[in-house]
Amino acid sequence: MNLSKSDKILVTCGLPYANGSAHLGHLRTYIPGDAYTRYLKRFGLDVIFFCGSDTHGAPIELAAVQAGLSPKEFTEKYHTHYKSIFERLNINVDLYGTTEAPYHYRRAQTIIRILEKNGHIETREVGLPYCETCQTFLADRFLTGTCPYCGAQARGDECDQGCQRYLDADQLIDPRCVTCGNPSIIKKTRHHFFKLPDFTDFLIKYNEQLKGTPLARNYALGWIRQGLKEWNISRNLKWGIPYPDDDELVLYVWAENYAGYISFTEEWARQKGADWEKYWIRDGKLVHFIGADIVYHHAIFWPAILKGANYNTPYAVVASGMVKVEGHGLSKSRGFVIDIEDDFIKNQIDLDAVRYYMLSYTGFTKDLDFVWKDFQTKMNNELVGIFGNYAYRVLLFIHKNYGKIPEGSLTPETKQKITQTIESVQKSVDEFRFKEAIDNTMQLAAYGNTTFQQCEPWKSIKEDSTRCQSDLYQCLQLLKAIAILIEPAMPTVAERLWLQVGQTGNVHETTVKDCLEPLTSEIKLPKPKVLFTKMPDEIVEKMSTILTHRIKSARSKAN
RNA sequence: AGCGGGGUGGGGUAGCCAGGAUAUCCCGCGGGGCUCAUAACCCCGAGAUCGGUUGUUCAAAUCAAUCCCCCGCUACCA
């Protein structure tokens, strides 16, 4: 492993934006982030894990108004939602925080103050589009006008109805306010800029040694090569964290939300009597799990802020691929979305199977296409057929014939097989290859099925009970190892299997060493229950129909 | 348009950086076997011009050039 037992490892996931319900796109990073943390714990490493709600910014202010709520009420609603979704999916964070909490305000403002003190911030006047009727500054997407290239009506950020070109707001001909339609004017206003170019040399060196997925590194280096600009970290909004000593402005969300990684650690440390500085000031190994869409924030802005404010910089940035639904890019407005609560939870989809699918359908860095039919296939063949069936046939056979762990001891073959699997899983996790780690673990079940078949215990039990028991002992030991190694992917299933193989204690506190800890013969085994049930065709059809309707109704709304 | 990532049997992957003989593994498909098990499991088999073209080389999935396609980002969506 790249990490060692003396490392203080801190894992985070990108914060969900509290303006809508949890969907499949979120799970693309939260499940791997959680699985990674659990793997590290199984490897005996010292690791904590944080996430929380991102609650500020213009879209939330706007959405709250539309929902007839205050921004605070609005974000509290979704904060509670995300917190419960995390719990339901066993995404086991040490603290699920929120950027609306006082502890977060304090840390975010402190960081800015330190940056000011260290001379990394410049304050100056800039002219920005302003609507005199609405008495508000207009963000690019709230400007409309004529596209200078094709003449179509366009937004300030892109020509969304015409040539699709990316635009700068000042390129728009005849710019107007989206809300009231009146012409916008340019008004001078004071803003605070983070002097990012000062960090160019640091960021190049930093990214060259940054661990994580290659995507993050290469992408950031490309960006830096194009030249860094000063970055406006203040906004003319009411909703947000007040800019320190400048009450007219708030902090731009992207200048404060990832401070949550620190503030959540602080709050956790306060509750537990632990030391947050150990992670953020002294010797922490910080690992950020994010979607590929926010690499530049985490490989450029964030390390520069941390460096400029004298904190530790991230050890690794781990970027997942994006999510597609039935072949289309995830899009709520077009209906290509799977909602965690409405689709998975309300229809009682096995959430451990969802975790398994998200982790093992394709490589972590690739785009993942969610297809209900494929979900069913993986569920029924791999989880029910190979894994679940192996566990059940072994446990039921033993239970019927012996009722307790059979006599035997670990053979060199079994020992070697388990050892090899542990090693390959460790290597895979070290490289953030979760599909490979799971495939390797499942390989143990496939191996178990083969040996069970070859040993033919249903015959040997009549002819050679000693051999039969020894063979079954090996099979059971494999199951114990699987329970531990699959725990990061499917924690609930691991718990159930752990009890079924006659183990006491908590599988979530085991380490991979326990995989080879020999079973104690004579321990009574409970009557086994199947680990997974098959997903029937009717459910697949039902879910596919729900999705089809969602897409259709989104299409008719758009027209 | 620029930058980054990707394209390998029907789906998903390994191999690519350090070029080498029959291109790996899982699922699906076809055939056989077993009967402990959730019509599950085990074995065998078919199936790939490695996105296209050109080049370097004794030898290219792998290196170079060029083109096509998909995804992400481009600093005011988060």
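Keep in mind it's a predicted model, so treat the numbers as computed, not measured. A, B, ... follow the sequence lines: proteins, then strands. Residue 1 opens every chain.
With Asp369(A) contributing its side chain and Glu326(A) its backbone, the two residues share a donor-acceptor pair below 3.5 Å.
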Table please: side-chain donor-acceptor pairs of residues 443-451 of chain A below 3.5 Å, with sequence neighbours left out.
unit_1    : atom_1 : unit_2    : atom_2 : d
Asn449(A) : OD1    : Arg393(A) : NH1    : 2.8
Asn449(A) : ND2    : Ile386(A) : O      : 3.2
Thr450(A) : OG1    : Ala446(A) : O      : 3.0
Thr451(A) : OG1    : Tyr447(A) : O      : 3.3
Thr451(A) : OG1    : Gly448(A) : O      : 2.9

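Position along RNA chain B of the nearest nucleotide to Tyr361(A) versus Lys459(A) favours Tyr361(A) as the more 5'-ward residue. Comparing Glu382(A) and Glu456(A) by the nucleotide of RNA chain B that holds the closest heavy atom to each, the one mapping nearer the 5' end is Glu382(A).
The salt bridge (charged side-chain N to carboxylate O under 4.0 Å, His left out) analysis of residues 436-448 of chain A, with sequence neighbours excluded, yields the pairs Arg433(A)-Glu436(A), Lys435(A)-Asp439(A). Under the salt bridge (charged side-chain N to carboxylate O under 4.0 Å, His left out) criterion, the residue pairs touching residues 394-406 of chain A are Lys404(A)-Glu522(A), with sequence neighbours excluded. Applying the salt bridge (charged side-chain N to carboxylate O under 4.0 Å, His left out) test to every pair with at least one member in residues 219-230 of chain A, sequence neighbours left out, gives these pairs: Arg124(A)-Glu230(A).
Between G20(B) and G33(B), the two P atoms lie 41 Å apart (nearest whole Å). With both ends at atom P, the span from G45(B) to A1(B) equals 49 Å, rounded to whole Å. U62(B) and U56(B) have their C1' atoms separated by 14 Å, given to the nearest Å. Nucleotides G6(B) and C43(B) have their C1' atoms positioned 36 Å apart, rounded to a whole Å. Straight-line distance between the C1' atoms of A60(B) and G55(B): roughly 11 Å, to the nearest whole Å. Straight-line distance between the C1' atoms of C17(B) and G5(B): roughly 16 Å, to the nearest whole Å. As rounded to the nearest Å, G7(B) and A61(B) have C1' atoms that lie 12 Å from one another. Atom name P, nucleotides U8(B) and G51(B): the rounded distance is 6 Å, in whole Å.
Using a 4.0 Å cut-off between charged side-chain N and carboxylate O, Glu61(A) and Lys238(A) make no salt bridge. A salt bridge links Arg467(A) with Asp471(A): the distance from a Lys NZ or Arg NE/NH1/NH2 to an Asp or Glu carboxylate oxygen falls below 4.0 Å. Between Lys427(A) and Glu431(A), at least one side-chain N (NZ, or NE/NH1/NH2) sits under 4.0 Å from a carboxylate O, which counts as a salt bridge.
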Dump every N/O contact between nucleotides 75-78 of chain B and the protein below 3.5 Å, one line per pair.
unit_1 : atom_1 : unit_2    : atom_2 : d
A75(B) : N6     : Gly227(A) : O      : 2.6
A75(B) : N1     : Lys229(A) : N      : 2.9
C76(B) : OP2    : Arg235(A) : NH2    : 2.9
C76(B) : O2'    : Asp140(A) : OD1    : 3.4
C76(B) : O2'    : Asp140(A) : OD2    : 2.3
C76(B) : O2     : Asp140(A) : N      : 3.0
A78(B) : OP2    : Tyr252(A) : OH     : 3.1
A78(B) : O3'    : Asp54(A)  : OD2    : 2.3
A78(B) : N7     : Trp254(A) : NE1    : 2.8
A78(B) : N6     : Tyr296(A) : OH     : 3.2

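G2(B) atom C1' lies 17 Å from atom CD1 of Ile224(A), rounded to whole Å. Here the C1' atom of nucleotide G72(B) and the CD1 atom of Ile290(A) are 12 Å apart, to the nearest Å. Rounding to whole angstrom units, CG of residue Leu215(A) and P of C3(B) are separated by 16 Å. Met379(A) has its CE atom 25 Å from the P atom of G11(B), to the nearest Å. Atom CD in Glu436(A) sits about 18 Å away from atom P in G12(B), given to the nearest Å. Atom CG of Leu444(A) is separated from atom P of C26(B) by 14 Å (rounded to the nearest Å).
For RNA chain B, the neighbouring residues in residues 364-377 of chain A, judged by any heavy atom under 4.0 Å, are Lys366(A), Asp367(A), Thr377(A).
Every side-chain contact (heavy atoms from CB on, under 4.5 Å) that Asp140(A) has, sequence neighbours left out, goes to Asp157(A), Ala169(A). Annotation: ring pair (Phe, Tyr, Trp, His ring centres under 6.0 Å) contacts of Tyr130(A) (sequence neighbours excluded): Phe137(A). Residues forming a ring pair (Phe, Tyr, Trp, His ring centres under 6.0 Å) with Tyr243(A) (at least two apart in sequence, or on another chain): His192(A). With sequence neighbours excluded, the residues forming a side-chain contact (heavy atoms from CB on, under 4.5 Å) with Lys366(A) are Thr362(A), listed by chain and number. Annotation: side-chain contact (heavy atoms from CB on, under 4.5 Å) contacts of Val337(A) (sequence neighbours excluded): His23(A), Lys332(A), Arg550(A).
With both pairing distances under 3.5 Å, C77(B) is matched to nothing as a Watson-Crick or G-U wobble pair. Using N1 to N3 plus N6-O4 or O6-N4 for Watson-Crick, or N1-O2 and O6-N3 for G-U wobble, each under 3.5 Å, C25(B) pairs with G12(B). Across all strands shown, the partner of U66(B) is G52(B), judged by Watson-Crick or G-U wobble contacts whose two distances both fall under 3.5 Å. Base pairing analysis places G20(B) opposite C58(B); the two distances defining the Watson-Crick or G-U wobble pair are each below 3.5 Å.
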With the sugar-phosphate defined as primed atoms, P, OP1 and OP2, and the base as all remaining atoms, what B/S/- string results for nucleotides 36-44 of chain B, 5' to 3', for protein heavy atoms under 4.0 Å?
BBB-SBSS-
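An OP1 or OP2 oxygen of G15(B) is reached within less than 4.0 angstrom by a side-chain nitrogen or oxygen of Arg433(A).
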